[in-house]
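Scroll down for the structure; my scribbles are underneath it.
For the single chain, residues carry numbers from 1 onward in sequence order.
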Amino acid sequence: MVSQHGVLLAVSIISDHFGPIVSKVIRCLLRHGPLSLQEVARRVKLSSSQVKNALLVLIQHNCVQAFLTLRGKASHGSDDKTVTLYLAIFDNVLHRLRFSKFLSLIHDDIPESEVLIEGLLLNGRLTFDQLVERTISKSKSEGKTVPNREEIRKRFNKLVYAHYVERCPKPQPNFDPLADEQPTSSRKRASKIVEKVLSLEQKVVCTAALSDAERFAEIPYVMEGSSNANDSQHQSIAGAKRKHESLEVDEEHTIIAENEVLWRANFEKLIFCLKKKFCAERKKAKLKLGSHSIWEAFFEANVTDKDNKSVTSPINGILDKLRQKEGGSSMTLDQVTGVLNDLECVSSSTNPEEFAFDLNKFAETCRNDEIESLVKKKYGQEAYIILRLLIKQGCPVETDQITDMTILDKLKVHETLYKLWQDEYIDSEVYLNFGYSVGLRTQGDLLFGVRTALPPTLKLQAGSKEELDASIITKVSATGNTNYFVWRVKSTLQEQFIDRLYHAALNLRQMVNNIVELQLEGSKDETKLRNRKNILILALIRHDESLMLFHDF
């Protein structure tokens, strides 16, 4: 489920692009999960036609996925009733903040195809005919050389081959949550293997997705004479919002109707490229001078994307890219492999000639750095040292151990731990040794006393300030200390942190919108407002790197 500020951020993005009615619908879906058209209309108090049009806009721009599911009983009998539900795709809403970055990626990789991906990003879903018409019209308006249909087809197929563009998913796939939860025989056989738990959004998206062969099927050359974008009078205007999706494939002749198949930008690929770029730049800043060229060559040699969690490059490709750099041709194979190992690029056991870098593992380190940096700014050096210790230990640590390992003043450690616990950065547990006479005080009254010879310990979870205050020892035997506190990093720390990132992004966007309103009103300080707006936009772009680090990895 999306956090509170995540919902508000998504609503703000949709409101700026499509207005208040569409933003009401997306807010309803994000807060309540998948709903039918009638349920959405009832909750947002709008007419069915208004809600339907809003849903069509959101589907057109890949922010909502419709699917068929079983719910309740049909009125004419005892059979289950099939209904259409609509599910908000929060990730795709958030990706609208990154359109400029996506265009920059295409410009660096396939420059002549930038106008095509721009059309899909701005308009959501288009046919190839619409893309041709838009490209020709844009070239004329900008005074550029107008490409013919064959040139546009080649550029478009490059995007499809590189997986930057894909065919749109099934418009209304069948999704049965009950069948999805039932264990299969394969799951029983592999019971020891821990499977990744997918969210409802991920399950529905996977159900709607086409096979890779269908998603990335290029437009055949034989189709080029079948239609002409300049002569087609009945075509819909490029960029218009298509409200219906269809996929017609002639399996016998593999001929695809260009004026009916819908295409969209493949956010999965685009985000993966941003993740690679982020890791490359973040780690590069900490490398030794002689390692920079090898690190760059490693990422440039990544020609295939086996998954979205790691970058894999063949050693021959790395060496080829390295020779193109200054001083790279003089490096030996042993030197290169040694540096790659130092950079945590591990060779595969199945293929020693390939080196892989784990993006998620590096991102985890970066996330911890971000949290620690925030704690340092907010609470000081002592809190930074303590939190870093708890993160590295990855298990509960006793108060005295924290004091010994950090070499900090005991009183300062106690004060800092309490602040971090109070602001929900860490959890605390109280252990009481059996074998001693122990009393706990709560609001001035004795809670209980214990005397036993058993060796185990009693663990009390301190879930609130009241409970922690109640866990103060009031009666202890003279034989020794009977209690100790242990501390660990809160399991929901990253979820709390990302909600704060959503909140910060929302505030930055609101500040930018306020300046835009002042500019429209004709403020006298136009230069000052423009400079401030540019600074805020730059801050929002930089902030999005942190948002991507916690949300997309």
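Aromatic ring pairs are classed by plane angle as parallel below 30°, tilted from 30° to 60° and perpendicular above 60°; the pair F357 and W295 is perpendicular.
To the nearest 0.5 Å, the span separating CD1 on I136 from NZ on K144 amounts to 14.5 Å.
Within 6.0 Å of atom NZ in K52, 12 or fewer heavy atoms from other residues, nucleotides or ligands are found, so the atom counts as exposed in its surroundings. No more than 12 heavy atoms of other residues, nucleotides or ligands sit less than 6.0 Å from atom NE2 of H107. In the displayed structure, K101 atom NZ is contacted under 6.0 Å by more than 12 heavy atoms of other residues, nucleotides or ligands. Counting non-hydrogen atoms of neighbouring residues, nucleotides and ligands closer than 6.0 angstrom, the NZ atom of K283 exceeds 12 such neighbours.
A heavy-atom distance below 4.5 Å is found between the side chains of L94 and L9. Annotation: side chain of S546 is in contact with side chain of L501 (closest heavy-atom distance under 4.5 Å).
Here Y161 and F216 keep their ring centres 6.0 angstrom or further from each other. Taking the six-membered ring for Trp and the full ring otherwise, F497 and Y502 have centroids separated by 6.0 Å or more.
Remark: the Q494 side chain and the E364 side chain contain an N/O donor-acceptor pair separated by less than 3.5 Å. For the residue pair S48 / Q38, no side-chain donor-acceptor distance below 3.5 Å is found, with atom types taken as modelled. There is no side-chain donor-acceptor pair under 3.5 Å between H61 and N123. Remark: the D499 side chain and the H5 side chain contain an N/O donor-acceptor pair separated by less than 3.5 Å. Side chains of H95 and R98: a donor-acceptor N/O pair is present below 3.5 angstrom, by distance only.
A salt bridge is defined here as a Lys NZ or Arg NE, NH1 or NH2 lying under 4.0 Å from an Asp or Glu carboxylate O, and R134 with E118 meets this definition. Between R167 and E214 there is no salt bridge, since none of the side-chain N atoms of the basic residue sits less than 4.0 Å from a carboxylate O of the acidic one. Taking the charged nitrogens against the carboxylate oxygens, K269 and E166 have no contact shorter than 4.0 Å, which rules out a salt bridge. Under the 4.0 Å criterion applied to side-chain N and carboxylate O atoms, K490 and D427 are assigned as salt-bridge partners. Salt-bridge annotation for E370 and R500: absent, with no side-chain N of the basic residue lying under 4.0 Å from a carboxylate O of the acidic one. For R149 and E133, the salt-bridge test fails: no basic side-chain N is under 4.0 Å from an acidic carboxylate O. Between R43 and E39, no side-chain nitrogen of the basic residue sits less than 4.0 Å from a carboxylate oxygen of the acidic one, so the salt-bridge criterion is not met.
Cation-pi geometry between K275 and F553 is satisfied (NZ or CZ under 6.0 Å from the ring centre, within 45° of the ring normal).
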Legend entry - T492/E495 under side chain to side chain donor-acceptor pair (under 3.5 Å): CA gap, chis, key distance, verdict: CA-CA 5 Å; T492 58; E495 287 79 1; 5.3 Å; no
Inset, instruction - Decide yes or no on side chain to side chain donor-acceptor pair (under 3.5 Å) for H551 and D91, but give the supporting numbers first. - result: CA-CA 9 Å; H551 178 268; D91 289 2; 3.0 Å; yes
